[in-house]
Asks: 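Sharing a structure, written as structure tokens. Questions coming.
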Protein chains: 2
Amino acid sequence: MSGIEDVARAAGVSKATASRALTGHGYVAAATRERVARVAHEMGYVPSSSAASLATGRTRNVGVVMPYLNRWFFAEVLEGIQEVLLESGYDLTLYDAKPGTEGRRRVFDDFLARKRFDGLIAVGLEPDDHELERLVAIGRPVVSVVAIGDNAGVVRLDDEYAARRATTHLIELGHTKITFLGGVSVTSGPHVDRARLSGYQRTMTEAGLTVTHVRSEVSLPGGYAAAVDLLGDPERRPTALLATCDEVAIGAIIAARRLGIPVPSALSVVGIDNHEFAEMFSLTTLEQSPRSQGMQATRMLLGQLEDPARVAQDVSIQARLIVRNSTAPPPGTPSVTVGVGVTS
Amino acid sequence: MSGIEDVARAAGVSKATASRALTGHGYVAAATRERVARVAHEMGYVPSSSAASLATGRTRNVGVVMPYLNRWFFAEVLEGIQEVLLESGYDLTLYDAKPGTEGRRRVFDDFLARKRFDGLIAVGLEPDDHELERLVAIGRPVVSVVAIGDNAGVVRLDDEYAARRATTHLIELGHTKITFLGGVSVTSGPHVDRARLSGYQRTMTEAGLTVTHVRSEVSLPGGYAAAVDLLGDPERRPTALLATCDEVAIGAIIAARRLGIPVPSALSVVGIDNHEFAEMFSLTTLEQSPRSQGMQATRMLLGQLEDPARVAQDVSIQARLIVRNSTAPPPGTPSVTVGVGVTS
DNA sequence: TTGAAAGCGGTACCAT
DNA sequence: ATGGTACCGCTTTCAA
């Protein structure tokens, strides 16, 4: 395994010159640079990253902390991050921080403290005070996808807006019995679900409609289970459902089908995400593109790395409504109304 | 940021002793060790990993290469790997190697060559000759999940067996028109699907039954689309479907429901995976636990790292059949037959 | 434009 | 059991 010294010798220059030629920092005669580069290539020279890191203090590595890897949103964000890092020659070190686990504690207390990265991307982390403090203590730039509650750079969906938009869509179709499916409450549970629930509640209240909220585990099977429960009871059954995310919405659609409730003629369903399955289920939803959020966050971080003076930004995304075939006017509406009320 | 030298000074010992006390290598008086440890802790000392790597040649980091992050199998494997590495204090560097992309080329030609890891885990990689050569050239232990075609350590599902077992299950129920859904052919496409298709074909042939294979993109929407096509044509419609994986199987079940074909009374469906959605769809399937495959592979790799003499193993897993409610005897079978023929 | 040499922060050998 | 010191391989200042 040849080091830079071997390359220098073979090219007939000093280590210093070889380093300059290879890194592009400092003056080197064009001819020299070329010769060194060629020799290095021929010898199959690959710089030792630990030596370079030790000398420069930079790792050319970015850390990514996220609580789930196997959920659509997170996997997509991760792919987006990976794509940009790959282009930029940065490695990506992944830290899995599942809420409430010993592993998460170790990630914050041990792993991150090692600073084996130049910067960090936190995805949907919802850190508590202690964790936030650790994050800040690292002293490296942090950008987050989904708010994190401090002054770091952020890329996020405007959740409140998305929920308002979705609710408005249903109200405009003529619905009055609209139930929000998912999350815990406005004051507890993941921030994302709280913001969406809140957007729904405000819109309903402003329209003089009654708010109804049914909890559901935030996953496809969770939405299915909750919807089976809700829709099975004719007393409680609404004419429209706003789910906290597409996974829950799709679970609900599957539940409705099993119960023989036609969507959208007897029940409208809206989600938030534009999940990869949304099209297959003709789901009306609000688009958030997690992949491009990951890409944006990464670009923001890389920008800060190359110019520490750069101010951290806060990018808020207004989701676009995608109307498919899971929403229609409520049953009994004269067919002159607006909308795409085609029966499935 | 205090270094080991500061710790040594504060504890009144030499750098060497401090290092020994902190790493646990070599003799140190118990009292000394304790004092050094305490001082280090008080000072918030965190060793520089690049310095340590440079000195020891070991990174305490494991690389993971996989072609997809957003598919169930891969995400699960990744979580399993992450879990074991976290326990062992290893970092995890992720390399996304999507087939046919420029990014993949760079991963193999540039990123992996930097050897910023002590060992590598390749998941479902299906490397071509060039890529395999690069992998070997790295000169670090490699363990793969899903075969890789060389002499590395492997943890994998016995795909041929899984398909045979699934096919046998359907044959025992009395089915004769069984179609395999997914994959490309026995000689092309991903190895996994080829092996499963092959297991199906042999079992069918041995039973004197006719082989029918319908291609499908290997995803839930893919299975849905392919099944809509197949089941929509009464001429071609079989009484049972064996899907190359649960995602395809579930797509097919959804398609069947949409077409008004009751599962399992008019159509039996078997998958391979035991996907997180399998239970919700009452899917009969062969269980493979990707999470534990990831964990096993990681333990195998860590074992090789601490004892390079250790022989690489080849762990092959025989999937267990989980009978749920997506399989039943074919329509028209007298009800005295064996099986779990409950109509959905 | 190039070279010599001093680190970067640990580890581990060799003495003591 | 502990200390002195020579590396690990690269970057970067300073002098030439």
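Numbers restart at 1 for each chain; the letters A, B, ... are given by sequence-line order, proteins then strands. Because the structure is a prediction, the values reported are computed rather than measured.
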Asks: With heavy-atom distances below 4.5 Å as the criterion, would you say the side chains of Asp91(A) and Tyr95(B) are in contact?
Replies: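 Yes, their side chains come closer than 4.5 Å.
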Asks: With a 4.0 Å cut-off, would you call Glu131(A) and Arg134(A) a salt bridge?
Replies: no
Asks: Answer yes or no on whether Arg104(A) is positioned over the face of Phe108(A), meaning its NZ or CZ is under 6.0 Å from the six-membered ring centre and within 45° of the axis.
Replies: no
Asks: Encode nucleotides 8-16 of chain C as B, S and - characters from 5' to 3', where the letter depends on protein heavy atoms closer than 4.0 Å: B to the base, S only to sugar-phosphate, - to neither.
Replies: BBBBB----
Asks: Can a donor-acceptor pair be found, under 3.5 Å and without considering hydrogens, that links the side chain of Arg20(A) to the backbone of Ala16(A)?
Replies: yes
Asks: How about Asp307(A): does its CG atom have over 12 heavy atoms from other parts shown lying under 6.0 Å from it?
Replies: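 Atom CG in Asp307(A) is crowded, with more than 12 foreign heavy atoms closer than 6.0 Å.
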Asks: Where does DNA chain C pair, written as one dot-bracket string 5' to 3', with Watson-Crick or G-U pairs under 3.5 Å, ( ) inside the strand, [ ] for crossing pairs and | for another strand?
Replies: ||||||||||||||||
Asks: Let me know the distance between NZ of Lys115(B) and P of dC8(D), rounded to the nearest Å.
Replies: 16 Å
Asks: Rounding to an integer number of Å, can you tell me how far Arg116(B) CZ sits from dC8(D) C1'?
Replies: 17 Å
Asks: Salt bridge check, Arg194(A) against Asp159(A): does any charged N sit closer than 4.0 Å to a carboxylate O?
Replies: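 Between Arg194(A) and Asp159(A) there is no salt bridge, as every charged N stays at least 4.0 Å from the carboxylate O atoms.
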Asks: Heavy-atom count around Glu42(B) CD within 6.0 Å, excluding the residue itself: above 12?
Replies: yes
Asks: Which pair of non-hydrogen atoms, one from Gln304(B) and one from Pro141(B), has the smallest distance, and what is that distance?
Replies: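 That would be OE1-CB, 3.7 Å.
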